[in-house]
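Throughout, numbering of the chain's residues begins at 1 and tracks the sequence.
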Amino acid sequence: MNVPGLLRKTESADFLDNVSALLQRRIAGTLSGTGAREVLRGSWLGHPLHPVLVTVPIGAWSGSLVLDTVLRDHVAARRLIGFGLLSAVPTLTTGWVDWAERDARQRRVGLIHAGANALGIAAFTASFLRRRHGTDAQAVALSVAGFLAVGVGGTLGGHLTYAMGAGVGDVERSPSADTLPASRG
């Protein structure tokens with residue numbers, strides 16, 4: 001299987017361009033004239049905020065799978081799934097703000113990235129709801145499916161950043177080691 005080739009194929013999904021343009025205008029219009037754009041993009045941090053936030057739901061959902069399959073603590077697993085779902089809200093918000101500033105090819109991949117993550121979130125939501133009165137094999141299978149979908153989404157997010165350079169030029173460069181003052185000790 002040629003994974004890099006599959007990832008590059010997503011860049012040419014031009015059937016998404018009309019939806020992409022509409023969403024981009026809506027996001028830009030919503031944030032226009034507010035300070036929210038800079039806060040959500042992570043300007044105060046010196047680099048995009050979205051990559052920092054994705055670690056929270058992914059970590060929670062990874063932990064929930066360990067709790068389900070290794071430790072058999074389904075109550076704690078459900079709590080981590082719920083925490084992951086709650087933390088997905090700010091993660092999604094910052095992702096859409098970043099996405100709205102990308103070029104057409106990057107937005108195509110970004111929409112597919114968002115779609116994969118939406119499938120993952122839906123599966124984790126279904127798992128969370130199914131666990132209200134206990135955990136069964138279907139609840140665990142939904143979590144596994146959610147994790148796989150989020151893994152595909154993360155792979156596409158990595159492609160956006162590392163292969164396509166999305167957001168890389170947005171990083172504020174810190175001084176190099178050669179320009180830092182010598183320490184006095």
Side-chain angles (χ1 to χ4, degrees), residues 2-61 81-129 142 145-174:
N2 180 2
V3 175
L6 286 172
L7 293 170
R8 280 191 303 276
K9 245 185 210 304
T10 62
E11 297 174 30
S12 60
D14 58 0
F15 65 91
L16 296 171
D17 289 352
N18 289 336
V19 171
S20 175
L22 175 68
L23 284 171
Q24 185 183 36
R25 283 192 302 273
R26 292 268 170 110
I27 293 168
T30 301
L31 296 175
S32 179
T34 71
R37 179 185 163 274
E38 294 306 312
V39 171
L40 292 170
R41 289 200 64 246
S43 296
W44 54 274
L45 186 59
H47 59 78
L49 185 56
H50 179 68
V52 175
L53 293 181
V54 296
T55 63
V56 180
I58 290 171
W61 294 330
I81 291 168
F83 179 69
L85 292 169
L86 289 174
S87 66
V89 175
T91 303
L92 291 168
T93 304
T94 57
W96 283 112
V97 171
D98 285 350
W99 172 87
E101 299 194 8
R102 302 293 153 239
D103 66 34
R105 280 180 43 248
Q106 292 169 343
R107 286 195 316 271
R108 292 171 189 158
V109 177
L111 283 175
I112 299 168
H113 161 77
N117 287 326
L119 286 173
I121 290 168
F124 274 112
T125 300
S127 176
F128 181 82
L129 293 173
L142 285 164
F147 192 74
L148 292 172
V150 169
V152 169
T155 301
L156 288 161
H159 180 72
L160 269 167
T161 302
Y162 299 109
M164 299 180 76
V168 174
D170 299 343
V171 176
E172 290 183 21
R173 303 282 179 210
S174 59

Task: Trace of the side chain to side chain contact (heavy atoms under 4.5 Å, CB included) decision for Leu119 with Phe124 - done: CA-CA 9 Å; Leu119 286 173; Phe124 274 112; over 6 Å; no
TODO: Verify, without hydrogens or angle tests, whether Glu11 (side chain) and Arg105 (backbone) share a donor-acceptor contact under 3.5 angstrom.
DONE: no
Task: Spacing of Arg37 atom CZ and Thr30 atom OG1 [to the nearest 0.5 Å] - done: 13.5 Å
- [ ] Start with the C-alpha distance between Val39 and Thr34, add both sets of side-chain angles, then the distance that settles side chain to side chain contact (heavy atoms under 4.5 Å, CB included), and finish with yes or no.
- [x] CA-CA 10 Å; Val39 171; Thr34 71; over 6 Å; no
TODO: Could you check if a side-chain atom of Pro57 sits within less than 4.5 angstrom of a side-chain atom of Leu85, using non-hydrogen atoms only?
DONE: no
Task: Heavy atoms from other residues, nucleotides or ligands near CG of Asp103 exceed 12 (cutoff 6.0 Å) - done: yes
TODO: Mind listing the closest non-hydrogen atom pair of Ala36 and Leu31 along with its distance?
DONE: CB-CD2, 4.0 Å
Task: Between OG on residue Ser20 and CZ on residue Arg25, distance to nearest 0.5 Å - done: 9.5 Å
Task: Spacing of OG1 belonging to Thr161 relative to NE2 belonging to His113, to within rounding of 0.5 Å - done: 8.0 Å
TODO: Return the minimal non-hydrogen interatomic distance between Ala145 and Ala123, and the atom names on each side.
DONE: C-CB, 4.4 Å
- [ ] With rounding to the nearest 0.5 Å, note down the distance linking CG in Asp98 to CG in Leu160.
- [x] 10.0 Å
Task: Pairing of Arg108 and Asp14 as salt bridge, 4.0 angstrom limit - done: no
- [ ] Give the C-alpha distance, both sets of side-chain angles, the deciding distance and a yes or no for side chain to side chain contact (heavy atoms under 4.5 Å, CB included) between Leu23 and Leu111.
- [x] CA-CA 10 Å; Leu23 284 171; Leu111 283 175; 3.9 Å; yes
- [ ] Write down the atom of Asn117, the atom of Gly153, and the distance for their closest heavy-atom approach.
- [x] OD1-CA, 3.5 Å
Task: Straight-line distance of Ser87 OG to Ile58 CD1, nearest 0.5 Å - done: 9.5 Å
Open item on the list: Less than 4.5 Å apart, side chain to side chain, heavy atoms only: is that true for Val56 and Thr91?
Closed with: no
Open item on the list: For a quick test of reading the model, state the closest non-hydrogen atom pair linking Trp96 to Ala114 and the distance between them.
Closed with: CZ2-CB, 3.8 Å
Task: Trp99 vs Arg107, side chain to side chain contact (heavy atoms under 4.5 Å, CB included): CA-CA, chis, key distance, verdict - done: CA-CA 6 Å; Trp99 172 87; Arg107 286 195 316 271; 3.4 Å; yes
TODO: Quick one: closest heavy-atom pair of Pro90 and Leu53, and the distance?
DONE: O-CD1, 3.7 Å
Open item on the list: Donor-acceptor pair, distance only, cut-off 3.5 Å: does the side chain of Gln106 make one with the backbone of Met164?
Closed with: yes
TODO: Quick one: pull up CZ in Arg41 and CG in Leu49 and give me the separation to the nearest 0.5 Å.
DONE: 10.5 Å
- [ ] Provide the closest heavy-atom pair for Phe83 versus Ala60 in the form atom of the first, atom of the second, distance.
- [x] CD2-CB, 3.9 Å
